[in-house]
Amino acid sequence: MHQDLLREFSLEGRVAVITGGGSGIAREASRVMAQAGARVVPVDVNEAGLAETAELVKAVGGQASPRRLDVTDREAVQALADETVRTLGRLDVWVNAAGILEDAAIVEASEAHVDKVMAVNQKGVYWGCAAAGRVMQAQGRGSIINVSSAGAEMAPPLKSVYSMTKAAVAALTRCAAHEFGPAGVRVNAVAPGWVETPMTAYRFRDESGQEMGQQGKEAVLKQMAMGSPLRLTGVPRDIALAMLYLASDAARFVTGQILRPNGGVLML
């Protein structure tokens with residue numbers, strides 16, 4: 001591959017904060033962006049998961065500076081953005097990937113359930129955009145990447161609050177792209193289809209809550225794959241590579257967009 005093309009996808013010398021970095025898609029995004037040359041700052045409330053992510057980044061020759069962070073804490077999120085610039089000298093990429101998934105029927109959802117999901121999935125992304133936006137506008141550069149979902153545009157059963165928050169993320173992405181664009185800051189989102197992560201592991205439990213064996217798991221994956229024209233289900237790297245594109249100079253002309261790596265389960 002020509003070196004000019006490699007440079008356009010390179011994150012060499014850049015700094016990327018990745019929320020939710022203790023597991024799943026955000027963990028793989030930490031690994032991929034480190035492979036592309038970035039110094040990554042994975043953040044999460046799961047400190048054990050962060051330690052594992054840091055080791056995986058180290059194993060591919062990358063550098064990680066894990067930090068414990070509750071994304072619902074506005075002041076803590078801003079403090080992290082400021083600390084990143086103070087200690088690492090810059091902030092080039094901010095990925096809002098922290099999220100939770102909990103089921104509830106609309107007529108049965110408690111106020112606590114609604115508040116909990118909205119606090120992480122919606123307000124957490126808002127505070128991340130605000131903190132990164134303040135720093136990046138002052139720098140005159142940067143890429144913010146939010147995580148929406150195919151569920152924002154579909155109607156998955158018992159996931160009304162989750163879907164609502166992910167639709168809000170898509171709207172916020174477009175608003176932030178308008179506000180931050182004149183300062184040279186791009187804001188985009190990925191909206192994954194079904195991806196095998198710890199958050200979706202409930203699919204591999206039977207009605208009694210027991211984990212299925214390998215044969216049962218393979219049957220579930222096969223059934224899920226039938227919803228895709230490609231007959232595929234997603235893995236975290238599928239989404240992480242899309243994030244790498246949005247983070248890199250290859251996407252310099254892309255902002256306010258929702259990129260849908262979903263296997264074709266939803267086509268817009």
Side-chain angles (χ1 to χ4, degrees), residues 1-21 24-42 53 56-57 60-62 64 90-99 125 128-129 132-133 136 139 141-150 152-153 166 169-170 172-174 176-178 180-181 184-197 228 230 232-268:
M1 185 179 289
H2 197 283
Q3 289 302 309
D4 287 348
L5 188 58
L6 285 173
R7 275 194 292 272
E8 288 182 301
F9 285 91
S10 172
L11 300 182
E12 194 67 40
R14 301 184 191 184
V15 173
V17 170
I18 303 171
T19 77
I25 290 170
R27 169 176 284 178
E28 186 61 15
S30 298
R31 212 168 69 93
V32 165
M33 291 192 187
Q35 287 178 312
R39 173 71 174 262
V40 297
V41 183
T53 298
L56 289 170
V57 169
V60 296
R90 56 193 294 162
L91 175 57
D92 303 283
V93 180
W94 186 290
V95 178
N96 287 304
V125 175
C129 283
M136 291 178 178
Q139 292 178 158
R141 67 178 190 279
S143 173
I144 298 172
I145 304 165
N146 298 326
V147 177
S148 181
S149 170
E153 297 160 318
K166 293 302 186 178
V169 167
L172 172 61
T173 297
R174 291 186 285 267
H178 272 290
F180 302 162
V185 180
R186 297 183 295 105
V187 188
N188 294 285
V190 292
W194 192 86
V195 177
E196 186 178 349
T197 69
S228 161
L230 298 172
L232 293 173
T233 56
V235 296
R237 193 168 183 86
D238 295 322
I239 316 305
L241 290 171
M243 290 176 172
L244 174 61
Y245 164 67
L246 293 174
S248 74
D249 291 345
R252 62 174 291 275
F253 197 46
V254 179
T255 197
Q257 304 303 309
I258 314 298
L259 183 57
R260 298 175 175 84
N262 64 21
V265 298
L266 178 69
M267 301 183 188
L268 295 177

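Everything numeric here is computed off the predicted structure, so don't read it as measured data.
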Asker: Could you work out, with salt bridge (Lys or Arg N to Asp or Glu O under 4.0 Å) as the rule, every residue matching R39, not counting sequence neighbours?
Answerer: none
Asker: Go through it in stages, so that I can follow the logic: the residues are V190 and V147, the test is side chain to side chain contact (heavy atoms under 4.5 Å, CB included), and I'd like the CA-CA distance, side-chain angles, deciding distance and then a yes or no.
Answerer: CA-CA 5 Å; V190 292; V147 177; 4.0 Å; yes
Asker: Counting C-beta onward and ignoring hydrogens, is there a side-chain heavy-atom pair between N188 and L259 closer than 4.5 Å?
Answerer: no
Asker: Tell me, do Y245 and V254 make a side-chain contact under 4.5 Å, heavy atoms counted?
Answerer: yes
Asker: Does a salt bridge link R14 with D249, judged by any charged N lying under 4.0 Å from a carboxylate O?
Answerer: yes
Asker: Test C129 against N96 for side chain to side chain contact (heavy atoms under 4.5 Å, CB included), laying out the working first.
Answerer: CA-CA 8 Å; C129 283; N96 287 304; 3.8 Å; yes
Asker: Report the C-alpha distance between W94 and T19 in whole Å, list the side-chain angles of each, state the deciding distance to 0.1 Å, and finish with yes or no for side chain to side chain contact (heavy atoms under 4.5 Å, CB included).
Answerer: CA-CA 8 Å; W94 186 290; T19 77; 4.0 Å; yes
Asker: Mind checking whether V93 and M243 have side chains closer than 4.5 Å, heavy atoms only?
Answerer: no
Asker: State plainly whether the residues R260 and E153 are in salt-bridge range, i.e. N to O under 4.0 Å.
Answerer: yes
Asker: Show your working on side chain to side chain contact (heavy atoms under 4.5 Å, CB included) between T197 and I25 and close with a plain yes or no.
Answerer: CA-CA 7 Å; T197 69; I25 290 170; 4.1 Å; yes
Asker: Measure from the side-chain N and O atoms of S148 to the backbone N and O of I258, and report whether any donor-acceptor pair falls under 3.5 Å.
Answerer: no
Asker: Does a side-chain heavy-atom distance below 4.5 Å link D92 with L11?
Answerer: no
Asker: Anything under 3.5 Å between a donor and an acceptor, one on a side chain of residues 233-241, the other on a protein residue two or more places apart or in another chain? List them.
Answerer:
| unit_1 | atom_1 | unit_2 | atom_2 | d |
| --- | --- | --- | --- | --- |
| R237 | NH1 | E28 | OE2 | 2.8 |
| R237 | NH2 | Q35 | OE1 | 3.4 |
| D238 | OD2 | V235 | N | 2.9 |

